[in-house]
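Model, not experiment: these values are computed from the prediction.
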Amino acid sequence: MQELLTEYWLELLFTAITALCAKLYTRLRTERKEMHSLKTAMCALLRDRIIVTYNRYSGKEYFPIHERENLCHLTREYYLLGGNGIVHELESRLSELPTEKGENA
């Protein structure tokens, strides 16, 4: 057995390295797919919260400061994750509303 290892040590080493690289590649590929799925899901959740906020305040005559700040954080993260679409339009419509009830725009 010792003679076999000494004679074929280089082949065994390359086989072990190749197997390790294949395992690492498979793991990285799986993690990349999972990360993409999480990013897509987070983007969908942020978009949903932005639309819910828009629907809540678009019919009202004001958009409170704390909600405005929250919307700012939601949209910033949404765009950083690669989100796009109608969110920009919703954000600009809400920003036109006054911050207090009865205040003129």
Side-chain angles (χ1 to χ4, degrees):
M1 182 67 167
Q2 185 68 17
E3 293 172 4
L4 186 64
L5 287 176
T6 338
E7 189 174 335
Y8 296 106
W9 72 271
L10 196 55
E11 288 87 354
L12 290 171
L13 180 65
F14 282 132
T15 302
I17 290 172
T18 303
L20 180 63
C21 288
K23 181 152 179 78
L24 287 174
Y25 175 76
T26 303
R27 184 174 177 187
L28 287 173
R29 191 170 171 196
T30 302
E31 287 182 10
R32 187 172 185 203
K33 285 180 183 179
E34 288 175 0
M35 187 61 69
H36 177 71
S37 295
L38 287 172
K39 181 180 170 183
T40 303
M42 184 59 69
C43 229
L45 288 170
L46 288 169
R47 184 174 188 268
D48 178 64
R49 292 308 308 154
I50 292 166
I51 291 172
V52 165
T53 300
Y54 175 78
N55 288 336
R56 183 182 309 139
Y57 288 100
S58 65
K60 296 185 178 183
E61 54 200 51
Y62 71 103
F63 186 48
I65 291 174
H66 67 279
E67 287 291 343
R68 191 176 299 247
E69 185 178 345
N70 188 38
L71 180 68
C72 180
H73 292 298
L74 289 172
T75 54
R76 183 182 62 229
E77 299 305 320
Y78 178 76
Y79 293 134
L80 285 174
L81 286 172
N84 56 20
I86 196 154
V87 168
H88 181 69
E89 177 67 27
L90 299 180
E91 182 183 22
S92 62
R93 285 183 188 178
L94 284 174
S95 69
E96 293 173 358
L97 293 174
T99 57
E100 293 183 19
K101 196 172 189 176
E103 184 181 312
N104 289 336

Point-to-point distance, once rounded to the nearest 0.5 Å, from [atom1] of [X] to [atom2] of [Y]:
{"X": "T99", "Y": "E67", "atom1": "OG1", "atom2": "CD", "result": "12.5 Å"}
{"X": "T15", "Y": "L10", "atom1": "OG1", "atom2": "CG", "result": "9.5 Å"}
{"X": "T75", "Y": "N70", "atom1": "OG1", "atom2": "CG", "result": "9.5 Å"}
{"X": "L46", "Y": "Y79", "atom1": "CG", "atom2": "OH", "result": "11.5 Å"}
{"X": "L94", "Y": "R56", "atom1": "CG", "atom2": "CZ", "result": "10.5 Å"}

Exercise for the section: Answer yes or no: are there more than 12 heavy-atom neighbours, outside E31 itself, under 6.0 Å from its atom CD? Expected result: yes

Exercise for the section: Step through the shown structure and confirm whether more than 12 heavy atoms of other residues, nucleotides or ligands are within 6.0 Å of NE2 on H36. Expected result: no

Same apolar cluster (I L V M F W Y, side chains within < 4.5 Å links), [X]/[Y]:
{"X": "M35", "Y": "L81", "result": "no"}
{"X": "L45", "Y": "L74", "result": "no"}
{"X": "L38", "Y": "M42", "result": "no"}
{"X": "L97", "Y": "I86", "result": "yes"}

For the residue pair [X] and [Y], establish whether any side-chain heavy-atom pair is separated by less than 4.5 Å.
{"X": "R29", "Y": "T26", "result": "no"}
{"X": "T30", "Y": "K33", "result": "no"}
{"X": "E91", "Y": "L71", "result": "yes"}

Practice task
Look at the aromatic rings of Y57 and F63 and report parallel, tilted or perpendicular, splitting at 30° and 60°.
Solution key: perpendicular

Practice task
Would you confirm whether Y78, through its side chain, and C43, through its main-chain N or O, come within 3.5 Å as a donor-acceptor pair?
Solution key: no

Handout entry: Check: S95 main-chain N/O paired with R68 side-chain donor or acceptor under 3.5 Å
Key =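 Yes: the side chain of R68 pairs with the backbone of S95.
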
Handout entry: Nearest heavy atoms of N55 and S58, plus distance in Å
Key =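 Minimum heavy-atom contact is O-OG, 3.9 Å.
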
